[in-house]
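Remember, predicted model here, so these are calculated numbers, not experimental data. Residues take their numbers from the sequence shown, with the count starting at 1.
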Amino acid sequence: LDEIELRNQALERSNHDIAQEVEERKLAQQEVMRLNQDLEQRVLNRTEQLERSNQDLQRATASAERANRAKSEFLSSMSHELRTPLNAILGFGQLLEMEPAATERRRAYTEHILKAGKHLLTLIDEILNLAQIESGQVKLQMETIQLADVISECRDMVEPMAQASGLALHFPQETQLGVRADRTRLKQVLLNLMSNAIKYNRPRGSVTVRIERLPASDHKQRMRLSVQDTGIGLSSTQLNELFQPFNRLGQEGGAVEGTGIGLVVTQRLVVLMDGEMGVESELGQGSLFWIELQSSQSHEAFQTPAASLPAPPQQPHGKQHTLLYIEDNPASLELVAGALRHCPDLQLITASDGRRGVEMAMTHHPDLILLDLNLPHMHGSQVLQLLKNNASTVNTPTIALTANADEMTRAACLALGFSRYLTKPLDVHTLLSAIYEALPKPAALTSANKGPQAL
């Protein structure tokens, strides 16, 4: 009995231990379940937070994109609205300048009008350039460019300005060196640096342009282009503020007109072309601005520069040509009419909207059509499409005349079939050159002028 009692007690203790272990396991499982539930809740809360953050980010991104688009649309619209009256100011100013019987006082007044108008146009262009760069809308066409060609083009453009200021220009000898860049933007950069070196120079000073091949680093060959002047130079404070938009470094009240944007645009264009820009200057000793770009490889073929626009012929072609100008702005119509008064072989007919313009084109069969893009009831591109779809006007050359200076619009219009794309304010000589270039020429004149035509 004692032995049985002892076994029963041992069994009870064993059962108690088992029950206690079961309870502990049950509590442990409950704790694991609680921890799992807590973890699941935390994961759920974190997921919801991330979703809310993603939604907030998406809303912020969408808002920023809308703001960017609104800014670009506003600037594009303002550019268009400002270019339209400038077209009249600069256009009629050029016509007044061409009048042979104008008095000296009238010529002087006209020069002031043209100078102020061109300065305003420069301001508009530079603000639009800066906005396009900041919004990432600048599209580059990187290619291999021979520096001698671009520098020669820039030299032709700045030499009259330097001669008027009594400055000596020094350019490098003929060179076969080349860089990888966007031709149009590189030319814009160099023209800005050269014109600044001329504007802010001293009387009878000089401007020196140099090209230097830099030692290779990181398996990359770089080319440095520098423009040095003999002006008053810049202080250390001015150097620190040099690339701030609209900061003219104390020249706001000076005799030299400027916007304080040109160098900012120049620097950012250089960076977009995978380059660097810097300046070295000392008060009283002048300034040296330089840019560095990737050198082209020796085996790469250089691009042939586009042919320059031909000057208007001194004598008419000998045949009467009819021009149709479709334009709703009376001042623009009058401006083109005034310019064509100097061309007795050109007869102008006009239409103030797209539908009427298409009807007149099919009725009168003009030799050339000048077409504004922003027309009432029908956009200029739609007008062109109707003209191209009609057998009688499908081959009629059509030149776009518009205040829209956006490069993407220009490229799109040329792709649609426009012969040329001219932006307002119009340069009268460029307009006449474009007209005579597009008109059908007599056989003798055609054979005498064979060669590449500029778009």
Side-chain angles (χ1 to χ4, degrees), residues 84 87-88 91-92 94-95 309-310 312-404 410 412-424 426-446 449 453 455:
T84 300
N87 186 49
F92 287 114
Q94 291 174 77
L95 294 183
L309 285 173
Q314 297 299 316
Q315 298 295 330
H317 292 165
K319 174 188 173 183
Q320 194 74 17
H321 292 285
T322 300
L323 272 65
L324 169 62
Y325 185 19
I326 307 174
E327 169 68 75
D328 63 319
N329 185 285
S332 296
L333 287 169
E334 180 59 30
L335 171 60
V336 171
L340 296 185
R341 290 191 188 102
H342 299 272
C343 307
D345 60 332
L346 302 180
Q347 178 185 4
L348 181 68
I349 58 177
T350 64
S352 59
D353 64 74
R355 292 193 184 94
R356 178 61 179 157
V358 172
E359 292 173 0
M360 292 186 68
M362 294 177 182
T363 302
H364 296 276
H365 306 292
D367 300 290
L368 176 67
I369 298 173
L370 306 177
L371 177 58
D372 183 37
L373 294 185
N374 292 290
L375 294 167
H377 311 305
M378 187 184 300
H379 192 266
S381 60
Q382 296 173 301
V383 175
L384 180 70
Q385 190 63 44
L386 291 175
L387 295 172
K388 293 297 182 183
N389 289 338
N390 186 276
S392 64
T393 55
V394 63
N395 295 318
T396 305
T398 304
I399 298 176
L401 304 184
T402 175
N404 191 337
R410 176 194 297 271
C413 286
L414 292 176
L416 286 175
F418 281 98
S419 304
R420 289 285 301 277
Y421 186 98
L422 301 182
T423 56
K424 303 173 183 178
L426 295 172
D427 178 83
V428 172
H429 295 290
T430 300
L431 172 64
L432 295 179
S433 293
I435 289 173
Y436 278 109
E437 182 68 16
L439 283 172
K441 301 175 180 61
L445 185 58
T446 303
N449 287 310
Q453 295 183 3
L455 281 177

If we only count heavy atoms from C-beta on, is the [X] to [Y] side-chain gap below 4.5 Å?
X: Val394; Y: Leu387; answer: no
X: Cys343; Y: Leu432; answer: yes
X: Thr430; Y: Val428; answer: no
X: Leu375; Y: Asp353; answer: no
X: Tyr325; Y: Leu401; answer: yes
X: Leu422; Y: Leu431; answer: yes
X: Asp328; Y: Asp372; answer: yes

Would you give the length of the straight line joining atom [atom1] of [X] to atom [atom2] of [Y], rounded to the nearest 0.5 angstrom?
X: Arg356; Y: Thr350; atom1: CZ; atom2: OG1; result: 9.5 Å
X: Leu324; Y: Thr322; atom1: CG; atom2: OG1; result: 9.5 Å
X: Phe418; Y: Ile369; atom1: CZ; atom2: CD1; result: 9.5 Å
X: Arg420; Y: Arg410; atom1: CZ; atom2: CZ; result: 9.0 Å
X: Ile435; Y: Ser419; atom1: CD1; atom2: OG; result: 12.0 Å
X: Asp367; Y: His321; atom1: CG; atom2: NE2; result: 5.5 Å

Is a side-chain donor or acceptor of [X] paired with a backbone partner of [Y] at a separation under 3.5 angstrom?
X: Glu327; Y: Ser332; value: no
X: Gln382; Y: His379; value: yes
X: Thr398; Y: Thr396; value: yes

Where is the tightest heavy-atom contact between [X] and [Y], given as atom of each residue plus distance?
X: His365; Y: Ser392; result: CE1-CB, 3.6 Å
X: Ala331; Y: Ala88; result: CB-CB, 4.1 Å
X: Ala438; Y: Pro397; result: O-CG, 3.6 Å
X: Asn87; Y: Leu335; result: O-CD2, 3.4 Å
X: Ala361; Y: Thr393; result: O-CG2, 3.7 Å

Criterion side-chain contact (heavy atoms from CB on, under 4.5 Å) on Leu371 and Ile399, from CA distance to verdict: CA-CA 6 Å; Leu371 177 58; Ile399 298 176; over 6 Å; no

Derivation of the side-chain contact (heavy atoms from CB on, under 4.5 Å) call for Leu386 and Arg355: CA-CA 10 Å; Leu386 291 175; Arg355 292 193 184 94; over 6 Å; no

Check against side-chain contact (heavy atoms from CB on, under 4.5 Å), Ile349 and Leu323: CA-CA 6 Å; Ile349 58 177; Leu323 272 65; over 6 Å; no

Over 12 foreign heavy atoms within 6.0 Å of CG, Asn389: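 Yes, CG of Asn389 has more than 12 neighbouring heavy atoms, counting only those of other groups under 6.0 Å.
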
Pair Thr402, Asn404: side-chain N/O donor-acceptor within cut-off below 3.5 Å: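 No, because no side-chain N or O of Thr402 sits under 3.5 Å from a partner of the opposite role on Asn404.
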
From CA spacing to verdict: side-chain contact (heavy atoms from CB on, under 4.5 Å), Leu373, Tyr421: CA-CA 10 Å; Leu373 294 185; Tyr421 186 98; 3.9 Å; yes

Electrostatic pair Glu334-Arg341, nearest N-O below 4.0 angstrom: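 Arg341 and Glu334: salt-bridged.
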
